[in-house]
There are 2 protein chains.
Amino acid sequence: MVKGNHMRAVTIDDVAKKAGVSIKTVSRVVNREPNVRAATKEKVEAAIKELNYRPNQSARGLAARRSYMIGLLYDNPSPNYLANLQSGVLEACHEKDYGLALNPVSFHDPDLVETVVHWVRQSSIDGVILTPPLTDSIPLLEALSQQNIPSAVISSRGTGDAPAALIDEEEAAYEMTRHLIISGHRDIAFIKGHPDHYASGLREKGFLRAMESEGVPVAPGFMEQGYFDFASGQEAASRLLDLPKRPTAIFASNDDMAAAVIFEAHSRKIDVPGELAVAGFDDTPLSRQIWPGLTTVRQPIRAMGHQAAGLVLDTLAAGKGADEERKDVIQVDFELMIRGSTATSR
Amino acid sequence: MVKGNHMRAVTIDDVAKKAGVSIKTVSRVVNREPNVRAATKEKVEAAIKELNYRPNQSARGLAARRSYMIGLLYDNPSPNYLANLQSGVLEACHEKDYGLALNPVSFHDPDLVETVVHWVRQSSIDGVILTPPLTDSIPLLEALSQQNIPSAVISSRGTGDAPAALIDEEEAAYEMTRHLIISGHRDIAFIKGHPDHYASGLREKGFLRAMESEGVPVAPGFMEQGYFDFASGQEAASRLLDLPKRPTAIFASNDDMAAAVIFEAHSRKIDVPGELAVAGFDDTPLSRQIWPGLTTVRQPIRAMGHQAAGLVLDTLAAGKGADEERKDVIQVDFELMIRGSTATSR
DNA sequence: ATGCAATGTGACAGCGCTGTCAACAAAGCA
DNA sequence: TGCTTTGTTGACAGCGCTGTCACATTGCAT
């Protein structure tokens, strides 16, 4: 029952002693504060490296009244989305020696705002990243802004003054629709995304704009409501494929629903892409793992996560507050991934 | 440029004042320490509730020399696996007011042990959860044990003395194989899992045991090496389906590889399950999203994450150290999910 | 040289909590 | 009844760091 020789971790004092300076100077170097002479800085950095010193987060957090953590808020996203995003965010955090706290919440929770604000306060979370559909909750955005909590949103509605990392959803949907039209389709159906997500509207708008600009009418019954999950996609597909004159192409607002369309087509022995072309949105791994490969819009989720975290961390580094109305919007490029599900054979 | 009316969060002093006791007593109640009179405890709890008090983690961490965080170590798992597991772990952490720190590492990193130990020390992580294949790194397990860092493993090799949450991998593979045999197959091929994972061996063993006990020989060339990812599954499937006398059933060691088999079959116009039955392992969402639905073994990953976190937190609560050789192993039930990919039609 | 701002550095308090230990109350025992 | 034992509570130090502010040093113009 040896009580573990918990050899004391190296502290700022050790570093200060070794470098022959005061702990405050070490603190300055660690926190990249100005007004440290280059020579001093080097000495300290050498000592840090030699002792392999890493500041104690609890002590830092207590003294500075912050946690050196940012929060990631999400509501039941697809595992692929979450894993990718998280990986990007984590990377950015790691670079800046920040921690990441996860907080799964519910968009429809009536106490959402209070829950989040209280969580941030009591954990001294320094900033938060919001993912859809939370990015579209005006009350939440307002509360965060008003409470002076630095935040960034992923793929937001673009409204609100939080910095954002996003793609041009409408343009992406527009181009995908054009791809279908150019491939020769005219009977194109669309499965809408979850109405809670602002992006759903943008994707729909892009679709409609392409149809209109190309002079292709949208047949009655060709706009179906979906909710971004497989089951809703399946239902929508089922209705579309039961239509007396069914579409020759279906554009679903995300990959899960597109996969469901292909699933339904398969089980009705409808050939994809021969009799039905299918397109999705997101480029999740799923799109490469089903057959035929799913044509979709690639969103660099991981990169967006990284960017968004960067935005929050920059805000933190800069003003130590979300005061100055920085309205950064990082728009990253999407890419059409053309795969088998829209292949035009003949 | 208002400096944010960061209304001071409620502290232990506020609670103590309101309850008319010393802060130490509040601390006792919060930490469920013994020797507090019931009446006192109630007073304190009332005050806590009324003020909506939650202890400051940084202060707690600093004073108690621990972080009230556990770490989740993983090496590039599938997004589905990670998301599920994490969700379970997070839930358990939440219940006990613990935080979760994520740490993606690399199994093949030569400094793995040092990296992990140092991370745990410097972040004062209180305990860790390991996921495959890290669970199979003897040096890592030994280091954690020797350094007295409470840990639990998910689906471990069962060796080592860390508590574990696992399923009977071999039995699951055995039963799945029997399912294929009973369905009338005799030409059954097997795609092995990543050799770094101990579970791969168990699944293979279960397969072989079933074949042997049913007196079904394994044809030459019917054991293929895979690495748990789609690409490797695709290569293995490709080789198997190119065989002069190809299998009528393929059992892949996980869903990603099984999906790849189905993909390959589709692209060669081989009917699944008519000409080729396919079985996987894990029951990821993918298995329901491809066509035909994938027969697979359901592992309750989320529940296992919850359990594993519970094991670590219990250790923490109990001995405040990993001293007493607790060798808990929670074995959870698996379930055969029979879907279209092994349907026996005729 | 001399003065004065700009720059660099350190002493020290204290962040909110837990561990230690001492004080005191209640209960058990002879 | 006095004494020990056990249970309950509080005073206080200090965890490792940052913020504040005072002081030391430098650069530059005079």
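All chains are named by letter (A, B, ...) in the order of the sequence lines, taking the proteins before the strands, and each is independently numbered beginning at 1.
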Is the phosphate of [N], meaning OP1 or OP2, less than 4.0 Å from a side-chain N or O of [X]?
| X | N | result |
| --- | --- | --- |
| B:N35 | D:dG7 | no |
| A:S22 | C:dA11 | no |
| B:T25 | D:dT9 | no |
| B:T40 | D:dT8 | no |
| B:R60 | C:dT18 | yes |
| B:N31 | C:dT18 | yes |
| B:Y53 | C:dG16 | no |

In whole Å, I'd like the distance from the [atom1] atom of [X] to the [atom2] atom of [N].
| X | N | atom1 | atom2 | value |
| --- | --- | --- | --- | --- |
| A:K43 | C:dG8 | NZ | P | 14 Å |
| A:L62 | C:dG16 | CG | C1' | 5 Å |
| B:K17 | C:dG16 | NZ | P | 12 Å |

Mind checking side-chain hydrogen bond (donor to acceptor under 3.5 Å, both in side chains) for B:N76 and listing every partner two or more places apart, or none if nothing turns up?
->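 Listed in chain order: nothing, the list is empty.
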Counting only distance, no hydrogens or angles, is the base of C:dG14 paired donor-acceptor with the side chain of A:R65 under 3.5 Å?
->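 Between C:dG14 and A:R65, which were checked side chain against base, a qualifying N/O pair under 3.5 Å is absent.
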Indicate, with a heavy-atom threshold strictly under 4.0 Å, whether B:V36 touches base, sugar-phosphate, or nothing.
->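 Sugar-phosphate, backbone atoms only, no base.
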Taking C-beta and beyond as the side chain, do A:T40 and A:R28 meet within less than 4.5 Å on heavy atoms?
->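 Side chain of A:T40 against side chain of A:R28, heavy atoms only: no contact under 4.5 Å found.
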Where at least one partner belongs to residues 105-117 of chain B, residue pairs that pass side-chain hydrogen bond (donor to acceptor under 3.5 Å, both in side chains), sequence neighbours excluded =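 side-chain hydrogen bond (donor to acceptor under 3.5 Å, both in side chains) check on residues 105-117 of chain B returns B:H108-B:D196.
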Starting from the first five and the last five pairs of the helix from C:dA1-D:dT30 to C:dA30-D:dT1, work out the angle between the resulting helix axes, to 10 degrees.
->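 That helix has its two terminal axes inclined by roughly 40°.
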Taking the nucleotide of DNA chain D with the closest heavy atom to each, which residue, A:V30 or B:A59, is nearer the 5' end?
->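 Of the two residues, B:A59 wins.
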